[in-house]
S.K.: 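Okay, here's the structure, questions in a sec.
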Amino acid sequence: MANKLINQMGLPRSIANIFAARNINTAKEALSLTEFELMELLDVGLSEVASAVAHISEIASPPYQTVLSLMEQRLQNEHLAGHLSTCLKGLDEALFGGIPFGVLTELVGPAGIGKTQFCLKLSFLAALPPSYGGLAGRVIYIDVEYKFSSRRMIEIGMRSFPDVFQKKDMAKEMAGRILVLRPASLSEFTESLHKIKVSLLEQEIKLVIIDSMAALITGEYEQGAPKQHSLGWHISFIKSIAEFARIPIVVTNQVRSRNRNEVSHYSFQGLSCSEIQECSSGYDSHLVAALGVHWAHSVTIRLVLEAKSGQRFIKLAKSPMSPPLAFPFSITSSGISLLSDNGKELSGAEINEIHCQGHSDIISYQLGKQQ
């Protein structure tokens, strides 16, 4: 609205012509000056300037909205945008239907905690027919760490939806809908992103998974690239893919150690000064998500997978539609399963701190040979 032309705002012709003669053409240009500066520049009286400024401000300023109207708009947008169900009841309810379309969803946690298991199940769910809650679409799975296992994905599908696999050639059809890319470097990954955007509509892509983003950056560091690597272009491009195609994009992220001088919170959590000091003084060698603050603010949904006191948890650490919640889960032959649909509400530093206490003792489900 700031760039709206003054000559289209319904001002009296005489004053509109004076604005045009002084090369003040937009609302932004007019409202950037004080009334006294406009009086001198336009050579008109204060009453005329005040009346013109009031009229321009009214036209250029967006109309007010009530909380009710904002809620109605949000519900309508969520309905139109859609979600990919995770088949985890408590998590789906917290996310108002599942992984949302059109935004980035991040899975972050230590190695072996279940991030790839989650991605495998999401891949299968996106390829399922709509009658089973799926999207009946193709999936692009960018397998950076070579952890994708077709055998495990089919096993998850067979255990979760045995009726689907009783149909002739269904397993083959489902597997054929999932396209696996394995870029060896960040430059190859960049090329893959360009190809994806071209093929999104042609191939009916309904889900993109990147497993994992941090591994790509780590690989570049090992090859001697500058450590202050900018992810800005990749973040913007990935988000543009999600928004352009209105599909969910799921990205996994690794963890790193938090140093003693680092506060484990982000500005979107809105902690008070006393809470921040408490977080710092209560440091206990926790892990935090890799890739930094810029990345953290770029994702709309952050799911943290952690292990604490011998139990795994999925934490909904960031969401515009839900408070931070933690759900206990286990990994079975059918993939990730919640042990309770009632999430425990979180606060303070525990939202983004990542535990792996007893983690090595609870990895009980071993993957078969990856194929």
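Predicted model only: the values in this text are computed from it and were never measured. Along the sequence shown, the residues carry numbers beginning at 1.
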S.K.: Tell me, which pairs form a salt bridge (Lys or Arg N to Asp or Glu O under 4.0 Å) where one or both residues lie in residues 329-346, sequence neighbours left out?
M.R.: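 Counting only pairs at least two positions apart or across chains, no salt bridge (Lys or Arg N to Asp or Glu O under 4.0 Å) contact touches residues 329-346.
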S.K.: Does Asn17 have any side-chain hydrogen bond (donor to acceptor under 3.5 Å, both in side chains) partners at least two apart in sequence or in another chain, and if so, which?
M.R.: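 side-chain hydrogen bond (donor to acceptor under 3.5 Å, both in side chains) check on Asn17 returns nothing, list empty.
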S.K.: So Ile24 and Ile6, do their side chains get closer than 4.5 Å, heavy atoms only?
M.R.: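 Ile6 reaches Ile24 side chain to side chain.
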S.K.: Any side-chain hydrogen bond (donor to acceptor under 3.5 Å, both in side chains) pairs touching residues 88-107, not counting sequence neighbours?
M.R.: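 Qualifying pairs, neighbours excluded: Ser85-Asp92, Thr86-Asp92, Glu106-Asn253, Glu106-Trp295, Glu106-Arg302.
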S.K.: Mind listing the closest non-hydrogen atom pair of Leu88 and Ser337 along with its distance?
M.R.: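 Distance-wise, the nearest heavy atoms are CD2-CA, 4.1 Å.
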S.K.: After noting the C-alpha distance and the side-chain angles of Phe118 and Thr252, does the key distance pass the side chain to side chain contact (heavy atoms under 4.5 Å, CB included) rule?
M.R.: CA-CA 10 Å; Phe118 202 134; Thr252 68; over 6 Å; no
S.K.: Dump the intermediate steps for side chain to side chain donor-acceptor pair (under 3.5 Å) on Gln254 and Glu145, then the final yes or no.
M.R.: CA-CA 11 Å; Gln254 298 173 353; Glu145 298 185 279; 3.1 Å; yes
S.K.: Find the distance between OG1 (Thr300) and NE2 (His297) and round it off to the nearest 0.5 Å.
M.R.: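 That separation rounds to 12.5 Å.
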S.K.: Applying ring pair (Phe, Tyr, Trp, His ring centres under 6.0 Å), can you list everything that pairs with Tyr132, at least two apart in sequence or on another chain?
M.R.: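 By the ring pair (Phe, Tyr, Trp, His ring centres under 6.0 Å) rule, Tyr132 matches no residue at all.
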S.K.: Is it true that Glu243 and Lys239 have a side-chain N and a carboxylate O under 4.0 angstrom from each other?
M.R.: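 A salt bridge is absent here (no side-chain N lies under 4.0 Å from a carboxylate O).
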S.K.: Got Val108 and Leu303 here, is their nearest side-chain heavy-atom distance under 4.5 Å?
M.R.: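 No; the side chains remain at least 4.5 Å from each other.
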S.K.: Partners of Thr190 by side-chain hydrogen bond (donor to acceptor under 3.5 Å, both in side chains), sequence neighbours excluded?
M.R.: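 With sequence neighbours excluded, Thr190 shows a side-chain hydrogen bond (donor to acceptor under 3.5 Å, both in side chains) to His234, given in chain and number order.
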S.K.: For residues Met321 and Leu95, report the shortest heavy-atom separation together with the two atoms involved.
M.R.: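 Looks like SD-O, 3.2 Å.
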S.K.: Going by heavy atoms in the side chains, are Phe161 and Pro129 under 4.5 Å from each other?
M.R.: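 No; the side chains remain at least 4.5 Å from each other.
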S.K.: So Pro12 and Ile15, do their side chains get closer than 4.5 Å, heavy atoms only?
M.R.: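 Yes; the side chains approach each other to less than 4.5 Å.
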S.K.: Could you tell me which non-hydrogen atom of Pro100 sits nearest to which non-hydrogen atom of Ile301, and how far apart they are?
M.R.: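 Nearest pair, atom of Pro100 first, then Ile301: CG-CG1, 3.9 Å.
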S.K.: Start with the C-alpha gap between Leu339 and Phe327, add the side-chain angles, then the distance that decides, and say whether side chain to side chain contact (heavy atoms under 4.5 Å, CB included) holds.
M.R.: CA-CA 7 Å; Leu339 300 178; Phe327 299 89; over 6 Å; no
S.K.: I'd like to know whether Leu200 forms a side chain to side chain contact (heavy atoms under 4.5 Å, CB included) with Ile247, so could you lay out the CA-CA distance, the side-chain angles of the two residues, the decisive distance to 0.1 Å, and finally the verdict.
M.R.: CA-CA 9 Å; Leu200 277 174; Ile247 62 171; 3.8 Å; yes
S.K.: Rounded to the nearest 0.5 Å, what separates atom CG in Leu325 from atom CD1 in Ile314?
M.R.: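 Atom-to-atom, Leu325:CG and Ile314:CD1 are 12.0 Å apart.
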S.K.: Taking His55's backbone N and O only, do any of them form a donor-acceptor pair with Glu58's side chain (distance below 3.5 Å, no angle check)?
M.R.: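 Side chain of Glu58 to backbone of His55: no pair is present.
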S.K.: Please round to the nearest 0.5 Å and tell me the distance separating atom CG of Leu11 and atom OG of Ser51.
M.R.: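 Here the rounded value is 8.0 Å.
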S.K.: Hey, could you give me the NE2/CZ distance between His355 and Arg312, rounded to the nearest 0.5 Å?
M.R.: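 Rounded to the nearest 0.5 Å, the NE2-CZ separation comes to 16.0 Å.
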S.K.: For Ser123, check side-chain hydrogen bond (donor to acceptor under 3.5 Å, both in side chains) against everything at least two apart and list the hits.
M.R.: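 With neighbours one apart ignored, the set is empty.
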S.K.: Going by the rule salt bridge (Lys or Arg N to Asp or Glu O under 4.0 Å), which residues pair with Arg138 if we only count those two or more places apart in sequence or in a different chain?
M.R.: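 Scan of Arg138 (salt bridge (Lys or Arg N to Asp or Glu O under 4.0 Å), adjacent residues dropped) gives none.
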S.K.: For the residue pair Ser14 and Ile18, establish whether any side-chain heavy-atom pair is separated by less than 4.5 Å.
M.R.: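 Side chain of Ser14 against side chain of Ile18, heavy atoms only: no contact under 4.5 Å found.
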S.K.: Can you confirm if the NZ or CZ of Lys197 lies within 45° of the ring axis of Phe237 and under 6.0 Å from the centre of its six-membered ring?
M.R.: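 Judged by the rule (NZ or CZ under 6.0 Å from the ring centre, within 45° of its axis), Lys197 counts as positioned above Phe237.
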S.K.: Are Leu5 and Ile59 connected in the hydrophobic side-chain network, where two residues link if heavy atoms are under 4.5 Å apart?
M.R.: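 Unlinked, Leu5 and Ile59 end up in two clusters.
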S.K.: So with a 6.0 Å cut-off around CZ of Arg22, is the heavy-atom count from everything else above 12?
M.R.: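 Yes, enclosed.
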S.K.: Is there a path of hydrophobic side-chain contacts, each under 4.5 Å between heavy atoms of I, L, V, M, F, W or Y residues, that connects Ile205 with Val103?
M.R.: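 No, Ile205 and Val103 fall in different hydrophobic clusters.
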S.K.: Does Ser334 offer a backbone N or O that forms a donor-acceptor pair with the side chain of Ser160 under 3.5 Å?
M.R.: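 Side chain of Ser160 to backbone of Ser334: a pair is present.
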S.K.: Using residues 32-46 as the side-chain source, report each donor-acceptor pair under 3.5 Å to any protein atom, sequence neighbours left out, with the distance given to one decimal.
M.R.:
from: Ser32; atom 1: OG; to: Lys28; atom 2: O; distance (Å): 2.5
from: Thr34; atom 1: OG1; to: Glu37; atom 2: N; distance (Å): 3.1
from: Thr34; atom 1: OG1; to: Glu37; atom 2: OE1; distance (Å): 3.4
from: Glu37; atom 1: OE1; to: Thr34; atom 2: N; distance (Å): 2.9

S.K.: Which heavy-atom pair separates Ser149 from Arg152 by the least distance, and what is that distance?
M.R.: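 Heavy atoms only, the tightest pair is OG-N, 3.1 Å.
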S.K.: Between Lys315 and Glu306, is the salt bridge (Lys or Arg N to Asp or Glu O under 4.0 Å) condition met? List the steps.
M.R.: CA-CA 8 Å; Lys315 295 196 300 190; Glu306 67 172 3; 3.5 Å; yes
S.K.: Looking only at heavy atoms, which two atoms of Leu316 and Ala94 are closest? And how far apart?
M.R.: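 Taking every non-hydrogen atom into account, CD2-CB, 3.8 Å.
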S.K.: What are the two closest heavy atoms between Arg159 and Pro162, and how far apart are they?
M.R.: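 Where Arg159 meets Pro162 most closely, the heavy atoms are O-CD, 3.9 Å.
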S.K.: Would you say Leu291 and Met213 make side-chain contact, with heavy atoms under 4.5 Å?
M.R.: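 Answer yes - side chains close enough.
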S.K.: I'd like to check Leu287 versus Arg256 (side-chain heavy atoms, cut-off strictly below 4.5 Å). Are they in contact?
M.R.: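 Side-chain contact under 4.5 Å: no.
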S.K.: Are Val304 and Phe313 linked, directly or through intermediate hydrophobic residues, by side-chain heavy-atom contacts shorter than 4.5 Å (ILVMFWY only)?
M.R.: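 No, Phe313 and Val304 fall in different hydrophobic clusters.
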S.K.: Could you tell me which residues satisfy side-chain contact (heavy atoms from CB on, under 4.5 Å) with Asn25, sequence neighbours excluded, listed by chain and number?
M.R.: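 Testing Asn25 for side-chain contact (heavy atoms from CB on, under 4.5 Å), a comparison that skips the adjacent residues, returns Asn23, Glu29.
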S.K.: Is the backbone N or O of Ala127 less than 3.5 Å from a side-chain atom of Arg177, with the two atoms forming a donor-acceptor pair by type?
M.R.: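 Between the backbone of Ala127 and the side chain of Arg177 there is a qualifying donor-acceptor contact (under 3.5 Å).
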S.K.: Given side chain to side chain contact (heavy atoms under 4.5 Å, CB included), test Ile238 with Leu193 step by step and report yes or no.
M.R.: CA-CA 8 Å; Ile238 294 168; Leu193 290 180; 4.1 Å; yes
S.K.: Measure the shortest side-chain to side-chain distance between Asp211 and Tyr141 over non-hydrogen atoms and say whether it is less than 4.5 angstrom.
M.R.: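 Result yes, sub-4.5 Å side-chain heavy-atom pair found.
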S.K.: Applying side-chain hydrogen bond (donor to acceptor under 3.5 Å, both in side chains), name anything that partners Ser319, two or more places apart in sequence or on another chain.
M.R.: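 Partners of Ser319 under the side-chain hydrogen bond (donor to acceptor under 3.5 Å, both in side chains) test: none.
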S.K.: What's the spacing between Met9 CE and Ser57 OG if we round to 0.5 Å?
M.R.: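 Here the interatomic distance stands at 9.0 Å.
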S.K.: Examine distances only and state if a side-chain atom of Ser236 and a backbone atom of Trp233 form a donor-acceptor pair shorter than 3.5 Å.
M.R.: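 No, the answer is negative, given that no donor and acceptor are paired below the 3.5 Å cut-off.
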S.K.: Rounded to the nearest 0.5 Å, what separation is found between the CZ atom of Arg246 and the CD1 atom of Ile241?
M.R.: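 The CD1 atom of Ile241 is 14.0 Å from CZ of Arg246, to the nearest 0.5 Å.
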S.K.: Listed by chain and number, what are the side-chain contact (heavy atoms from CB on, under 4.5 Å) partners of Ala126, not counting sequence neighbours?
M.R.: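 Residues passing side-chain contact (heavy atoms from CB on, under 4.5 Å) with Ala126: Leu84, Leu135, Val139, Leu207.
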S.K.: Please identify each residue that fulfils salt bridge (Lys or Arg N to Asp or Glu O under 4.0 Å) with Lys115, with sequence neighbours left out.
M.R.: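 Here no residue qualifies.
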